[in-house]
Amino acid sequence: CRCCTGSAFIDNVLVNNTVSPGGESDGAIDQRNAVVVLGQQSPIEIRGNTFWNPDSIYELAVNVTVQSSSEVLVSAIKNYWGDDVKNDGEIERRIYGFASCSRLARVVVVPYLKSPSGAEVVRSHANSGFSGQGAVISGTISGRVVLDRSLSPYIVVGDVSILPSGELVIQSGVELKFSANTGILVEGRLTAKGTSEEPIQMTDDSLSMKQRQGLAVEGALRL
């Protein structure tokens with residue numbers, strides 16, 4: 001389903017759909033997604049919907065480029081995302097948007113529905129939408145996250161965005177390997193203290209060094 005010109009997608013049920021790849025070459029569009037929002041620059045409302053499409057890579061793909069990471073153009077509150085959702089971080093990992101690439105619009109998902117009927121609404125946030133599955137990391141950080149050397153090297157598979165309320169601590173001896181077109185956006189605090197014996201290394205996990213986004217700092221940086 002494509003939302004291209006309208007500003008709202010409300011009270012729809014999208015369940016058990018098999019979504020085929022589209023013909024476009026854009027990174028968010030050529031994957032299997034249940035709903036795709038294209039480059040519209042006005043506020044977009046996605047509300048009251050049921051999303052449960054396990055055969056889709058993402059339930060929602062937001063391909064809206066923004067000038068600032070603080071811009072919020074997409075409101076996806078009060079939607080139902082399935083019985084297995086435990087927190088908003090799990091929802092954000094099923095959305096292609098800011099958590100996947102810091103150039104895209106941030107999607108607000110809280111409050112969200114715990115049942116299709118809308119009888120129960122979850123209004124609290126998890127610590128963050130950060131995905132740290134073993135040594136594979138990506139997403140947004142709103143609390144305090146520590147990268148332990150025991151799990152190094154870490155593979156950065158999507159942009160890591162440290163929000164103003166967030167802090168990322170990188171222990172000495174940690175190595176970060178960045179996949180193509182990924183980087184770290186710092187609006188909060190980044191602390192990385194290596195030593196001569198155990199330096200912190202940031203290397204490229206892709207074939208082309210030119211594809212790395214790098215480190216963008218707007219908050220506090222301690223090295």
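All of these numbers come straight from a predicted model, not from anything done at the bench.
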Heavy-atom check, side chain of [X] versus side chain of [Y], under 4.5 Å:
X	Y	value
R189	L168	no
E45	I10	yes
T182	V160	no
P111	K78	yes
I137	L147	yes
I46	L60	yes
S179	V156	no

Is there a chain of hydrophobic side chains (I, L, V, M, F, W, Y, each step under 4.5 Å between heavy atoms) that links [X] to [Y]?
X	Y	value
L151	I141	yes
Y154	M202	yes
I44	L14	yes

Exercise for review: Would you please test Y112 and I77 for side-chain contact (heavy atoms from CB on, under 4.5 Å) and show each step?
Suggested key: CA-CA 6 Å; Y112 61 92; I77 65 173; over 6 Å; no

Ignoring hydrogens, what is the shortest heavy-atom contact between [X] and [Y]? Give both atom names and the distance.
X	Y	answer
G194	I200	N-CD1, 3.7 Å
R94	W81	NH1-O, 2.9 Å
G173	S152	O-OG, 3.9 Å

Review point. What's the spacing between R149 CZ and I170 CD1 if we round to 0.5 Å?
Key: 12.5 Å

Revision key, fill the gap. Value for CG (L176) from OG1 (T203), rounded to nearest 0.5 Å, stands at 8.0 Å

Just by distance, do the side chain of [X] and the backbone of [Y] share a donor-acceptor pair under 3.5 Å?
X	Y	answer
N79	G48	yes
K114	V85	yes
N16	N53	no
N49	N12	yes

**Study point:** Audit row: T140, I162, side-chain contact (heavy atoms from CB on, under 4.5 Å) steps and yes/no
**Key:** CA-CA 6 Å; T140 58; I162 307 172; over 6 Å; no

Revision key, fill the gap. By side chain to side chain donor-acceptor pair (under 3.5 Å), S150 pairs with (sequence neighbours left out) D148

Check your understanding: Sequence neighbours excluded, which residues qualify as ring-ring contact (aromatic ring centres under 6.0 Å, His included) partners of W52?
Key -> none

Apply side chain to side chain contact (heavy atoms under 4.5 Å, CB included) to [X] and list each qualifying residue two or more places apart in sequence or on a separate chain.
X	result
P153	E175, K177
T195	S172, E197, E198
S196	none
T50	V13, V15, Y80, P116

